[in-house]
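One structure is given below, encoded as structure tokens.
Heavy-atom basis, side chains included; hydrogens, waters and symmetry copies ignored.
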Amino acid sequence: GSDNSARRVVRSGIRALVAEGPAGLTTVDISAPATPAVVTTRTSLGGGTDVASARGYAYITNAASGLRVVDVRNPGKLRVLRDDGSVPYARGSVISGSYLYVAASASGLAIIDISDPEAPLAPSFVNTSGLSYDVDVSGGHAYLAEARILSGANQLAVVDVGDPTQPGAPVYRSLSYYGYGVHVEEPYVYLAANSRMAVIDASDPAAPGAPSYRSLSGIAYRIWTSGGYSYVAVDSAGLAIVDTQVPLQPGTPSYVSLAGNAYDVFVDAPDAYVADGSAGFAILDVTDPIAPGLPRYYDTAGLAKALSLEG
């Protein structure tokens, strides 16, 4: 990595898309995870805090400049289709169906119809009472991790998006810590919450339960849950692996030390992919979560800070 900012990696088929802030967007062939290979880098995209991908298009969000849409069907010739500030202070994002959902900081939840990726529609917004940092969608509901930075509240916000054109009013569950990342494995919601991870029973999304916490050895930025284990990107502490086979009683975390600072993670069995700051992104075999393999690195052009998995 360099002084640039690689913000998110998306697994798109056998390619990872790496949003690298000022370094642009890099596509990486990960068909053989042990030997990832760069395909192309575009250096004119400006900053990027997140990227979601579907059907050959990447949607790059940036906290300063909004939303960019990039045609990535030809990795050797990336094509920018849209670059505007329609989603101010855009942060985490996820695609569900033909809609892009964006955690838009003080603007709450942005919902964008991307059924025509060449001409996505203007966003609609659902205002929330916190600063939205990340979003996941499951079972017709959007779940937002929110933090109180100067204003707002530390909380989980839940929005009914069964009909994305007519979203419901948000309902909330207070958190004791900043909400930075969220991942849903129904009926549970898993949150990266500053120095903790939190688990909430959302069997009734209209009335999510009280959070259960587990302390971590650093700042938790993002979280992914797979196969009864939660994987948490914990800054300089590396990757925390927590037994959540009994979700509301998370186990004692074990840590995989990494060369950089862990900012994001997703798991696509048998591998975990970690955005590891200055070290690029790391790939670990987590076939046995209790004894994960050694990390293998791909050094991106920028500072890798975020990851997502295309559904």
Side-chain angles (χ1 to χ4, degrees), residues 7-19 25 27 45 48-62 65-75 78-105 107-128 132-145 157-170 181-186 189 202 205 222 224 264 266 268 306-311:
R7 295 303 177 107
R8 185 171 277 265
V9 179
V10 178
R11 192 178 191 280
S12 179
I14 61 171
R15 291 177 295 151
L17 305 180
V18 187
L25 182 72
T27 61
L45 294 177
T49 52
D50 203 355
V51 57
S53 174
R55 302 188 300 277
Y57 294 86
Y59 303 84
I60 302 168
T61 53
N62 178 270
S65 55
L67 176 69
R68 295 178 178 88
V69 182
V70 182
D71 182 345
V72 296
R73 290 174 294 180
N74 180 356
L78 305 184
R79 184 168 59 104
V80 177
L81 303 175
R82 172 173 171 172
D83 187 352
D84 63 34
S86 61
V87 185
Y89 302 104
R91 296 185 182 274
S93 61
V94 66
I95 293 170
S96 180
S98 59
Y99 288 86
L100 174 69
Y101 298 84
V102 182
S105 193
S107 295
L109 174 66
I111 304 174
I112 304 170
D113 185 338
I114 56 169
S115 53
D116 180 0
E118 300 275 338
L121 299 183
S124 60
F125 291 91
V126 178
N127 292 324
T128 62
S132 299
Y133 273 79
D134 197 17
V135 59
D136 199 6
V137 174
S138 182
H141 291 82
Y143 298 84
L144 296 107
V158 184
V159 179
D160 187 336
V161 291
D163 180 353
T165 66
Q166 296 183 329
V182 61
H183 184 242
V184 181
E185 286 285 326
E186 292 188 50
V189 180
R222 293 290 172 91
W224 193 275
D264 202 359
F266 71 75
D268 184 29
L307 294 161
S308 73
L309 180 64
E310 178 182 350

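Note that OG of Ser93 is 8.0 Å distant from CG of Asp134, once rounded to the nearest 0.5 Å.
Scanning for side-chain contact (heavy atoms from CB on, under 4.5 Å) contacts around Pro205 gives His141, Tyr143, Val158, with sequence neighbours left out. Listed by chain and number, the residues in a side-chain hydrogen bond (donor to acceptor under 3.5 Å, both in side chains) with Asp116 amount to none (sequence neighbours excluded). Taking Pro88 as the reference, Ser107, Phe125 meet the side-chain contact (heavy atoms from CB on, under 4.5 Å) condition, with sequence neighbours excluded. Residues that satisfy the side-chain hydrogen bond (donor to acceptor under 3.5 Å, both in side chains) test with Asp160, not counting sequence neighbours, are absent from this structure. In terms of the side-chain hydrogen bond (donor to acceptor under 3.5 Å, both in side chains) criterion, residue partners of Asp71 (sequence neighbours excluded) are, by chain and number, Arg73, Arg79.
Pro117 places a side-chain heavy atom less than 4.5 Å from the side chain of Arg55. Side-chain contact between Tyr59 and Ile114 is present, with heavy atoms from C-beta onward closer than 4.5 Å. Contact check for Val69 versus Val80: no side-chain heavy atoms found under the 4.5 Å cut-off. Annotation: side chain of Pro123 is in contact with side chain of Ser86 (closest heavy-atom distance under 4.5 Å). Residues Val161 and Ile111 form a side-chain contact, since some pair of their non-hydrogen atoms from C-beta on lies under 4.5 Å apart.
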Stepwise, does the side chain to side chain contact (heavy atoms under 4.5 Å, CB included) test hold for Val182 with Leu144? CA-CA 7 Å; Val182 61; Leu144 296 107; over 6 Å; no

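When atom types are taken as modelled, the side chain of Glu118 and the backbone of Leu81 share no donor-acceptor pair closer than 3.5 angstrom. Judged purely by atom type and a 3.5 angstrom limit, Thr61 has no side-chain atom pairing as donor or acceptor with the backbone of Leu67.
In terms of heavy-atom proximity, Gly168 sits nearest to Val159 at O-CG1, 3.4 Å. The two residues Thr165 and Pro167 have their closest heavy-atom pair at C-CD, 3.5 Å.
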Which side-chain N or O atoms in residues 95-103 pair as donor and acceptor under 3.5 Å with protein atoms at least two apart or in another chain?
none

